[in-house]
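This report refers to the structure that appears directly beneath it.
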Amino acid sequence: DTEVTQTPKHLVMGMTNKKSLKCEQHMGHRAMYWYKQKAKKPPELMFVYSYEKLSINESVPSRFSPECPNSSLLNLHLHALQPEDSALYLCASSQDGTRPNTEAFFGQGTRLTVV
Amino acid sequence: AQSVTQLGSHVSVSEGALVLLRCNYSSSVPPYLFWYVQYPNQGLQLLLKYTSAATLVKGINGFEAEFKKSETSFHLTKPSAHMSDAAEYFCAVTRGRNQGGKLIFGQGTELSVKP
């Protein structure tokens, strides 16, 4: 199983809503990532969890709150988002978060629209 | 700091023609380089990676890339384009020596394949 599964695939939410994005992998990977991709742009790193601990937060606004309940699951909690937060949110995992030749496996993404 | 530059935001080839997508890197340490492909409304799929074991790297779907240190390049090629190759292609580099999975992406090259 080399899949990273993200749910939901699409999400439309209002600016006062609270929602969560979910990501799951069963490859035994110990590092998990959230990337944000705006239309016609490359993905940009948001958060990194290594061995279930948050190791990198790329100065992401607090309206995005990551959570790693266990080594297979990664959530991104959303609250009071702005329309400019509309994007494709990609989850990824890798065997670990240190060896530089480690490739990241990406999920299909959640297309988020904030109205 | 690590970075990659993709030359050409859009490349168009005829079916059966050579595909050449250009990527140049800037790195203060030996780079670890990747090519990913993204089909419309999909996540990213790894095509191949360079890990210093060999300068010519073969990937999936008939793609290969050659690492040229003298030119700081890692161009992606495929001898004969197929319609199914139409997608967005991203070159990426790991952020640092102990930063596996944390990727910096180029701006992407959209490949169109004409019948």
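Chain letters run A, B, ... following the sequence lines, proteins first, then strands; residues in each count from 1. What you see is a predicted model, and the numbers here were worked out from it, not measured in a lab.
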(request) Supply the atom-to-atom distance L111(B) CG to S12(B) OG, rounded to the nearest 0.5 angstrom. (result) 7.5 Å
(request) Enter the distance from L90(A):CG to Q42(B):CD here, rounded to the nearest 0.5 Å. (result) 11.0 Å
(request) For the pair E24(A) (side chain) and T7(A) (backbone), establish whether a donor and an acceptor sit closer than 3.5 Å, ignoring hydrogens and angles. (result) no
(request) Could you list which of residues 107-115 of chain A have a heavy atom closer than 4.5 Å to any heavy atom of chain B, in residue-number order? (result) G107(A), Q108(A), R111(A)
(message) Are Y89(B) and V11(B) packed together at the side-chain level, in the sense that at least one heavy-atom pair is separated by less than 4.5 angstrom?
(response) no
(message) Are the side chains of E52(A) and R30(A) in contact, using a 4.5 Å heavy-atom criterion?
(response) yes
(message) Does the plane of the ring in Y36(B) sit parallel, tilted or perpendicular to the ring in F106(A)? Use 30° and 60° as the thresholds.
(response) perpendicular
(message) Quick check on Y50(B) against chain A: is it the side chain, the backbone, both or neither that has a heavy atom closer than 4.5 Å?
(response) neither
(request) Could you look at L44(B) and say if it's the side chain, the backbone, both or neither that has a heavy atom under 4.5 Å from chain A? (result) both
(request) Using a cut-off of 6.0 Å, state whether more than 12 heavy atoms not belonging to K38(A) lie near its atom NZ. (result) yes
(message) Are L74(A) and I56(A) connected into the same hydrophobic cluster when the rule is that any two of I, L, V, M, F, W, Y join if their side-chain heavy atoms are below 4.5 Å apart?
(response) no
(request) Quick one: which of R95(B), E110(B), E88(B) has the most heavy-atom pairs under 4.5 Å with chain A, could you say? (result) R95(B)
(request) Name the option with the most non-hydrogen atom pairs under 4.5 Å to chain A; the candidates are I104(B), N41(B), L103(B), L33(B). (result) L103(B)
(message) Less than 4.5 Å to any heavy atom of chain B: does that hold for the side chain of Q95(A), its backbone, both, or neither?
(response) neither
